[in-house]
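Beneath this line is the structure, given in structure tokens, with notes to follow.
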2 protein chains.
Amino acid sequence: MGTALQRTIQQLRSEDSEFFQIAISVDCVIFGFDKNELKVLLIKSDLEEFKDQWSLLGDLVRPDENLDSASYRVLKHRTGLDDVYLEQVYTFGEVTRHPAGRVISTAYYSLINIKDHQPVLSDNELHWHPVNEITTLAFDHKIILDTCLQRLQSKIEEHPIVFNLLPEKFSLRELQNLYEAILGVKMDRRNFRKKFFLMNWLEDMNELEQDVPHRPGKLYRFNTSRFPNGKMKTPMPV
Amino acid sequence: MGTALQRTIQQLRSEDSEFFQIAISVDCVIFGFDKNELKVLLIKSDLEEFKDQWSLLGDLVRPDENLDSASYRVLKHRTGLDDVYLEQVYTFGEVTRHPAGRVISTAYYSLINIKDHQPVLSDNELHWHPVNEITTLAFDHKIILDTCLQRLQSKIEEHPIVFNLLPEKFSLRELQNLYEAILGVKMDRRNFRKKFFLMNWLEDMNELEQDVPHRPGKLYRFNTSRFPNGKMKTPMPV
DNA sequence: TATAATTGTGTATAGGTTACACAGTGGTAT
DNA sequence: ATACCACTGTGTAACCTATACACAATTATA
């Protein structure tokens with residue numbers, strides 16, 4: 001006797017669809033950065049079991065779409081944005097994780113410039129929440145959020161992805177605030193500047209901040225010539 | 001109109017089971033270490049499309065078992081081993097990845113002491129292959145293997161998990177050979193020793209190697225008192 | 001024109017990583 | 001028993017990276 005995988009899908013389906021009682025979904029942790037806080041886009045759960053609780057944005061995967069495509073679809077649907085940074089993190093498959101039945105869910109996180117999203121906020125079930133202030137979520141979504149935040153934290157130590165959270169032009173102070181918000185630490189300003197200039201991730205725009213009540217800082221943008229793909233999208237599995 | 005996830009599973013099932021046409025499987029990259037080579041346990045594919053090609057060990061997930069449990073089941077079935085190190089890595093969900101139908105597969109890797117497994121090798125469809133010599137596999141399993149190897153490489157830089165690949169007692173030379181095999185680099189012997197003693201991961205057994213045709217090295221074991229859980233198992237998502 | 005707030009800059013110290021050579025020990029062959 | 005072989009076991013100096021830290025310059029504002 002072989003394992004189930006060794007029979008064909010057609011055989012399995014005709015047998016009794018025992019193996020087709022599991023649904024698969026994607027859940028997206030959509031990060032944004034605003035007022036020096038890292039935020040995540042949440043929606044009110046409409047399941048009776050999780051009435052009035054917030055949950056991540058997700059949907060079931062359709063039989064004819066790739067896993068990544070399902071995430072992009074959710075993002076596009078909820079933010080109106082194409083062309084975003086998206087990374088798969090982990091798949092949550094506890095039997096009991098969804099009260100209505102067996103749903104295995106693959107978690108992604110995505111980084112967007114929160115300003116690009118404002119218009120769609122007319123949907124009043126959607127809200128940006130400071131990550132630090134979230135203590136509970138529907139389903140196992142708090143664990144998913146924590147897992148994605150950890151991945152983001154380790155990812156930014158090596159990879160130039162935080163730029164996806166910023167407008168095209170930004171000051172070094174904004175960039176440092178962002179790192180501090182994600183990592184939850186304070187950093188030394190001089191060392192931070194030194195490190196970034198050495199890494200050569202930044203391109204000097206020869207412009208200054210506007211409308212700040214103090215000496216304005218220089219504006220930079222992400223050094224696109226060093227990273228020809230521009231902002232990285234959906235890296236292959238790490 | 002909501003998304004599919006907002007309806008209940010019962011509703012979905014009764015509608016037309018559109019969302020229950022996807023099967024989910026686990027694939028296990030089972031690593032071992034023998035003759036100074038990193039090896040992986042493979043099985044001959046019995047699908048017509050991949051006749052005579054090797055593939056990873058996997059199976060469909062049953063509706064009533066957790067994702068992790070499915071991996072453990074596959075491992076137990078194929079190696080006879082309980083109590084192994086197992087880590088989820090990535091979920092592969094391309095629509096076309098399985099020729100017989102839509103199967104989304106979550107990849108795990110596992111580390112076992114190859115000597116513990118020898119008896120079960122009577123199953124002649126199973127074979128240990130040097131990772132370095134594998135160029136193609138059935139399905140997308142070569143990509144899965146590469147992904148798991150990369151994860152293993154980055155994991156051992158920080159975490160004491162390689163001990164799962166070794167017998168209880170081992171020499172520093174064996175340990176270094178193992179690191180070199182996994183990372184694909186040569187290391188300096190003195191610096192390697194210094195680093196390990198500083199990390200305090202090792203416990204001196206006050207015994208010497210036997211049956212080596214040269215000066216025998218001291219034997220060590222993994223410092224279980226510093227890591228009370230013994231060899232780490234199935235860490236939570238990173 | 002003085003004050004407040006922030007930007008922009010360099011150096012010294014500590015800590016970790018790398019490179020590197022020789023004496024000691026057990027096994028083996030003569 | 002002796003010589004040889006192959007490996008183990010050990011320390012130090014050079015280098016590089018990360019950290020700690022203070023003051024002058026600039027703009028907005030009162």
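Keep in mind that the numbers below use all heavy atoms, side chains included, and drop hydrogens, waters and symmetry copies. Naming convention: chains lettered A, B, ... in sequence-line order (proteins, then strands); numbering from 1 in each chain.
A donor and an acceptor atom never sit less than 3.5 Å apart when one is taken from the side chain of B:K195 and the other from the base of C:dT18. With hydrogens and angles ignored, no donor-acceptor pair under 3.5 angstrom links the side chain of B:K194 to the base of C:dT17. With hydrogens and angles left out, the side chain of B:R190 and the base of C:dA21 share a donor-acceptor pair within 3.5 Å. Residue B:R189 places a side-chain atom within donor-acceptor reach of the base of D:dG9, judged by atom type and a 3.5 Å distance cut-off alone. Taking only distance into account, the side chain of B:R215 meets the base of C:dG24 through a donor-acceptor pair shorter than 3.5 Å.
In this entry the distance linking NZ of B:K186 with P of C:dC20 reads 17 Å, nearest Å. The interatomic distance linking A:E209 (CD) with D:dT27 (P) rounds to 12 Å, in whole Å. For the pair B:D211 CG and D:dA6 P, the interatomic distance rounds to 19 Å; values are reported in whole Å. What separates CG of A:L198 from C1' of D:dA18 is a distance of 12 Å, to the nearest Å. Rounded to whole angstrom, the span from the CG atom of B:L208 across to the C1' atom of D:dG9 amounts to 12 Å. Remark: C1' of D:dT8 and CZ of B:F197 are 11 Å apart, rounded to the nearest angstrom. As rounded to whole Å, 15 Å separates atom P of D:dT10 from atom CZ of B:F192. In this entry the distance linking CG of B:D188 with C1' of D:dC15 reads 15 Å, nearest Å.
Taking both residues in full, the closest heavy atoms of B:N223 and B:L202 are given as CB-N, 3.9 Å, listed atom of the first, atom of the second, then distance. Minimum heavy-atom separation, B:F92 to B:T147: CZ-OG1, 3.8 Å.
With the nearest nucleotide of DNA chain C identified for both A:R193 and A:P213, A:P213 has the one nearer the 5' end.
In summary, A:K44 and A:E125 do not engage in a salt bridge, as defined by a charged side-chain N under 4.0 Å from a carboxylate O. A salt bridge links B:D27 with B:R97: at least one charged nitrogen is closer than 4.0 Å to a carboxylate oxygen.
Relative to the side chain of A:H214, the nucleotides C:dG26, C:dA5, D:dG9 differ in distance, and C:dA5 lies closest.
Taking the six-membered ring where tryptophan is involved, the planes of B:F50 and B:F139 are tilted, since the angle between them lies from 30° to 60°.
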